[in-house]
Each structure stands twice: as C-alpha cells, then as structure tokens.
Amino acid sequence: MRILVLLEQRLGRLKASALEALTIAAQLSNKQEANVAGLIIGEGISGLAAECKDYGASKIFCCDAREFAHYQVLNYSAALSAAIREFSPDCVLGMASPLGRDLFARVAARLDAGLLSDLIAVDHEPQQGFLGGKKPLYAGKVIATLRFQGDGLKMATLRPNVFPPQQSPGAATLVPFNCAVPASGLKVREVKKGQSTTLDLTEASRIISGGRALGSKENFSILFDCAKVLHATVGASRAAVDSGYASHDMQVGQTGKTVNPSLYIACGISGSIQHMAGMRTAKTIVAVNTDVEAPIVAIADYTIVGDLFKVVPLLEKRLAEY
Amino acid sequence: MKIVVLVKQTADTEATIVLGEGGKAIVQSNLKFIINPYDEYAIEEALLVKQAHPEAEIVAISFAKPSAKETLLKALAMGVDRGLVIDDSGLENLDSLGTAKILTAAIKAENADLVFCGKAGIDDDNMHVGVMAAELLSWPHVNVLIKLQVQGKTAIAEREVENGEIEVYEISLPAVFGAHKALNNPRYASLPGIMKAKKKPLEVKTPGDFGLKSEQLLSNSRVFIAHYELPPKKAPGKIFKDEPLEVMVDKVVTLLRSEAKVI
Ligand SMILES: Cc1cc2nc3c(=O)[nH]c(=O)nc-3n(C[C@H](O)[C@H](O)[C@H](O)COP(=O)(O)OP(=O)(O)OC[C@H]3O[C@@H](n4cnc5c(N)ncnc54)[C@H](O)[C@@H]3O)c2cc1C
C-alpha cells in the first residue's frame with residue numbers, strides 16, 4: 001500500500017502533527033519505506049524536509065514556490081493533486097487542521113476519493129491495508145467506526161495530538177517538485193496576524209480555559225499569566241466569548257474548537273453539554289469551581305472547590321516552582 | 001440574483017443519543033431536530049445580501065427526509081423565500097461526496113449566483129459538503145467565513161484559521177461560502193414571519209428529479225459508518241474541598257505530576 005502524507009508547515013515551521021501523520025503512514029505501509037512519501041507545500045520550505053527524514057518515508061516532495069507562500073485552496077489543491085498523480089498512492093493522509101480539512105475536502109471531490117476527517121484511531125490490517133478509523137460524532141456523544149469501500153483513492157485527516165510520533169530509521173530524500181497553478185477567482189489579499197504566540201487551541205497540549213465567572217476581559221489576564229508559566233494556551237466558554245471577555249477564536253465547544261490536550265483546566269466553567277463536546281477527550285481535566293455540583297466536576301479528574309480568583313494565582317505560583 | 005442556502009437538520013445539541021441494537025444505528029425517533037446552528041449564520045448572511053439586493057431570491061435546500069420541511073419552515077420564517085427538500089429515503093448511508101453531488105445538481109438547476117452553508121454540521125462535523133460542492137461546480141469557496149462584503153461580481157471574504165489568524169481573500173462570484181459563528185447574529189423569526197412562512201413554497205423532490213440515479217450514487221459512495229459505540233465512561237475524579245486553598249492546589253499539582261504525569 002502506497003501512502004502520500006501532506007506535511008503541513010505554517011509560517012515556515014513544520015507542524016508537530018506532520019510527524020504524527022508520517023508515523024501512521026509508516027504503520028499503514030507495514031514499514032515499507034519505499035511506499036511512503038511526504039509532500040511539503042510552501043515558499044522557502046525545502047529546508048524542512050530534513051526534519052522529517054527519519055519517520056519512515058523514502059521521499060519528501062517539496063513544492064517550493066512563490067504561489068504557495070500563503071495557503072490558497074485552489075493552488076494547494078493543484079499541488080496536492082499533482083503529487084498524487086506523480087506518486088500514485090492508495091491513500092493520502094493529512095492532519096485535521098484548518099488547512100488540512102479544507103484542502104482534503106476539495107481534493108477528494110476533484111479525484112472522486114473517499115474521505116474520512118478528524119480520525120482519532122486508524123484501523124489497518126496487513127493484508128487489506130487501510131480499512132478506516134474512528135471518529136467522534138454528535139459532539140463526542142458517540143464514537144463511529146468508519147470504513148472505506150470500493151477501490152477508489154482513500155483520503156483521511158487525523159486529529160492532532162492523538163497519534164504519538166515515532167522515529168523509524170530512514171533517510172528520505174528531498175525531491176523538488178514543480179506544479180503549475182491554475183488561474184482562479186481566488187486571491188489572497190492579506191493574512192492578518194493573530195495576537196497570540198502560543199500554540200493554537202486545537203494543537204495545544206495544555207489549555208487553561210475561563211468561563212462566565214471571569215466577569216471581564218481584564219480578569220482573563222490571570223489565566224494568561226498562569227498559562228505563561230504552564231506553557232499553555234488560553235481557551236474560553238461561549239458564555240465568556242459572547243459576553244466579550246474573550247475573543248471568539250478562543251471558544252471551546254460544539255460551536256467553537258474541538259481540543260485534545262493532555263491537560264485541560266476549566267476555571268469558572270459549569271460544563272454544559274456544548275462545552276464538554278469540545279474538550280471531553282482531554283487526557284486530564286481539572287475543574288476549578290465554587291460549585292461542587294457543576295456538571296464539569298463529573299468529568300474532571302481533579303476538582304478544586306474554590307474561588308478561581310484565589311485558586312488560579314496560587315496555581316501559577318505553585319507551577320512556577322517547578 | 002439567486003442565493004441558495006444549504007440547510008441540514010441536526011439533532012438538538014442537548015439530545016441524548018441512544019444506539020440501536022448492536023450499535024448499527026442511532027435511534028432517531030426520540031430526537032428533536034433543529035437547524036444545524038452554523039446554517040443559521042448562513043441563512044442570516046443570505047438575508048443580509050438580499051437586503052442590499054432586494055431583487056434576490058433565497059432558496060433553502062436540504063437533503064433529508066420529507067419531515068425536514070418542519071425545519072425548513074424555520075428558515076422560511078426567518079425570511080428565506082422558498083424551501084426545497086430532496087428526499088434522502090434509501091440514501092441515508094450515502095457519503096458526503098454523494099450528498100455534495102446531489103446538492104450540486106440542485107444548485108445548478110436553480111442557476112444560483114451564490115451559495116451559503118454552515119462551516120460544518122455539528123453532528124458529523126465533517127466540513128465536507130459545501131467545499132465538495134464548490135469543487136464539483138468549479139467555483140471557488142471560502143469556508144469558516146467570519147466576514148463577507150459582496151461588491152458586484154466579486155467579494156472580500158475573511159476566513160478564520162488558527163491562533164486568531166485571518167486569511168483575507170478576494171473571490172469572484174459565483175462562489176460557495178461556509179459560515180462560522182462570528183459572521184453575524186442570526187435573527188429570530190418574527191410572528192408575522194412565522195405566519196408568512198406557511199404560505200411560502202416548500203417542495204419535496206427526489207434525486208431522480210435532477211437526473212441522478214440512487215443505485216449509481218450508492219455504488220460510488222466510498223465511505224460508510226460500520227458501527228456506533230458510546231464513549232467509555234470516566235472513573236469519578238478526586239474532589240478537593242473545605243481545605244485551605246494552598247493545600248488543595250499543592251495536592252492537585254502534585255497529582256498532575258506524579259499520577260497524571262501531564263506536567
Ligand atoms: C447551539 C448551542 C451551541 C453552543 N456552543 C457552545 C460552545 O461551543 N462552547 C460553550 O462553551 N458553550 C456553548 N453553548 C453554550 C452553553 O450552553 C453554555 O451556556 C455555556 O457553555 C456556559 O458557559 P459557562 O460555563 O462559562 O457559564 P455558566 O454556565 O454560567 O457557568 C459558570 C460557572 O462558574 C462557576 N463560578 C462562578 N463564580 C466562580 C468563581 N468565583 N470561581 C470559580 N467558579 C465560579 C459557577 O459555579 C458555574 O459553574 C452553546 C449553546 C447552544 C444552544
């Protein structure tokens with residue numbers, strides 16, 4: 001089974017999740033290096049190929065040109081489709097990032113491929129290859145087992161932070177790859193920078209989130225201070241976002257982001273069904289709440305019953321001692 | 001100007017999910033259905049475009065059971081002009097690309113200039129159908145849309161990506177836009193709106209009406225759901241209360257280190 005992996009870079013940095021996808025590809029190929037190739041798309045990114053050479057691929061295609069400096073779905077679709085023609089894989093893997101999810105849906109429609117998105121488990125058998133995988137539905141209330149059928153191209157995106165990357169000896173070679181981009185009715189005018197320098201919520205391995213109880217935008221600073229010490233990203237409930245305490249890209253939940261950190265600290269968040277939809281798969285959950293009856297307590301591994309305005313600064317102080 | 005809004009009905013966000021025998025299906029009979037929350041932003045955006053282009057007609061299209069007329073009625077009450085359900089009977093297990101093919105046929109039949117949909121369905125959370133329809137139509141798209149300004153034959157569209165970063169596109173129309181939450185504030189249906197909705201055209205058609213064959217769609221369907229299961233229940237956690245805060249914080253930090261091993 002031949003597998004092509006889209007190795008996502010952002011702002012010239014290889015995403016950690018790229019190595020997660022390569023690791024899964026190596027497993028799907030039964031460690032047949034020759035059957036795994038990576039693809040990096042961008043401008044000035046060829047140097048990144050070296051970072052992924054020891055993960056079980058034989059080649060890293062580098063589509064390195066001006067037109068790919070910014071993500072533009074039609075240009076990136078042209079590049080991914082061309083690489084698929086070149087390598088003729090049975091299966092294409094990527095990450096369930098904003099880029100991966102957008103691009104894979106477009107290319108799957110173009111190539112009439114089967115597409116599974118945001119998988120949290122991958123099923124494969126040495127004989128039959130890539131069967132499908134698991135994915136949470138209905139905001140995590142159900143886990144579905146999905147299967148490919150027929151013999152078309154199989155495409156899948158994997159949820160970040162789920163599959164631990166593993167090196168396997170190898171020496172992937174860099175293969176420069178050119179691809180013409182079509183004229184299209186889509187132009188990137190500008191990319192407005194976000195303010196935060198931390199990892200995005202969807203990729204963060206530690207998150208500290210605040211709810212309505214924070215009471216104001218200013219008060220969120222206690223979470224940002226604590227996050228700095230913890231190397232965490234700050235999230236929020238919808239109540240906090242809708243009240244203007246937190247920006248809308250910070251929202252975790254059914255109508256916000258689905259996150260999968262190893263540590264999620266919920267401060268002054270009651271744990272509505274919609275909020276839990278976005279964070280229930282966190283490995284360890286800590287609740288800081290004045291109300292021991294709050295629903296979040298039922299899914300928390302550790303609960304501190306107390307006033308967050310006192311607990312969070314103590315937490316920061318204690319963590320700083322490490 | 002013709003605007004199509006793709007509307008999906010989804011189980012209410014509070015719904016308890018019950019599995020049928022052997023995890024083969026989700027029991028539907030106890031579910032209350034709502035308009036997929038992201039689709040409400042799509043409907044609102046279509047209504048805002050119409051405010052600037054009063055001659056525009058807005059059609060809401062749903063690939064669902066005929067009973068989804070109830071759900072579309074809500075879209076009509078918000079101000080959508082016409083509703084169309086494409087009956088999915090026999091095609092419940094079609095994959096998202098198959099769904100996109102059907103909706104594409106309907107969009108073509110409507111001769112639409114603009115298509116709005118939600119950025120994802122909150123049930124299967126795939127983010128597939130709108131993007132796939134755009135590809136099948138050979139139109140550009142912007143999904144996860146948080147701002148849109150239509151200016152004649154082009155539009156300026158903002159897409160939220162990650163870390164608060166926003167991609168700003170100039171996009172030529174026709175195009176498909178997938179609405180995100182920050183896009184607008186969906187209006188509530190007014191009482192007169194609800195009364196008027198009942199008189200608006202609300203049709204049910206089949207894929208066959210658009211020249212599509214169910215057997216062919218099914219044989220080209222490339223993914224399916226083999227099994228459902230409920231997520232494993234978590235063991236109850238440790239609760240610390242009625243102790244000095246410093247002590248509780250210390251205990252939890254120690255456990256995060258020694259037991260959970262996450263710091
Ligand atoms: C269609 C739909 C989609 C939705 N999507 C989302 C979503 O994506 N994400 C989301 O979060 N919500 C979502 N919601 C909203 C959700 O239903 C809740 O309203 C929201 O999550 C509540 O936020 P909260 O926990 O911050 O506020 P509350 O429910 O008001 O909880 C506040 C908590 O703070 C505690 N508290 C108060 N003071 C203190 C203190 N000093 N110290 C410590 N604890 C304190 C209280 O005990 C309480 O538990 C959605 C709702 C709908 C209908």
Got a salt bridge between [X] and [Y], using NZ or NE/NH1/NH2 to carboxylate O under 4.0 Å?
X	Y	result
B:E167	A:K192	no
A:D200	A:R10	no
A:K15	B:E162	yes
B:D125	B:K119	no
B:K8	B:D124	yes
B:E243	B:K251	yes

Non-hydrogen atoms of chain B under 4.5 Å away: do they reach the side chain of [X], the backbone, both or neither?
X	answer
A:Q274	side chain
A:R280	neither
A:S184	neither
A:V297	side chain
A:K134	side chain
A:V241	side chain
A:V292	side chain
A:D123	neither
A:A282	backbone
A:A144	both
A:L186	both
A:L11	side chain
A:K317	neither
A:L115	both

Given B:V18 and B:N30, is the side chain to side chain contact (heavy atoms under 4.5 Å, CB included) satisfied, shown in steps? CA-CA 8 Å; B:V18 180; B:N30 66 328; 3.6 Å; yes
Only pairs of heavy atoms separated by less than 4.5 Å count here; which of [options] has the most with chain B?
options	result
A:V107, A:L137, A:I143	A:I143
A:H70, A:M250, A:R101, A:K283	A:R101
A:Q251, A:K154, A:K257, A:H231	A:Q251
A:L319, A:D301, A:I273	A:D301
A:T284, A:V188, A:V191, A:D102	A:D102
A:K141, A:E190, A:Q72, A:R106	A:R106

With distance as the sole test, does A:Q254 use its side chain to make a donor-acceptor pair with the main-chain N or O of A:G278 at under 3.5 Å?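 A pair under 3.5 Å: no.
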Quick one: does A:D307's side chain have a donor or acceptor within less than 3.5 Å of a partner on A:F309's backbone?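 Yes; judged by distance alone, with no hydrogens or angles, the pair exists.
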Can you establish whether the number of heavy atoms outside A:E321 located under 6.0 Å from its atom CD is more than 12?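 Above 12, so yes.
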Assess whether atom CG of A:D112 is packed by more than 12 heavy atoms of other residues, nucleotides or ligands within 6.0 Å.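 Count over threshold, so yes.
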For the rings on A:Y76 and A:Y71, is their centre-to-centre separation under 6.0 Å?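 Ring-ring flag for A:Y76/A:Y71: true, centres closer than 6.0 Å.
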Go through [options] and name the one with the most non-hydrogen pairs under 4.5 angstrom from chain A.
options	result
B:D242, B:D123, B:T10	B:D123
B:E160, B:H180, B:E229	B:E229
B:L136, B:I26, B:D250	B:D250

Side-chain heavy atoms of B:V168 within contact of B:I156, under 4.5 Å: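 B:V168 vs B:I156: side chains touch.
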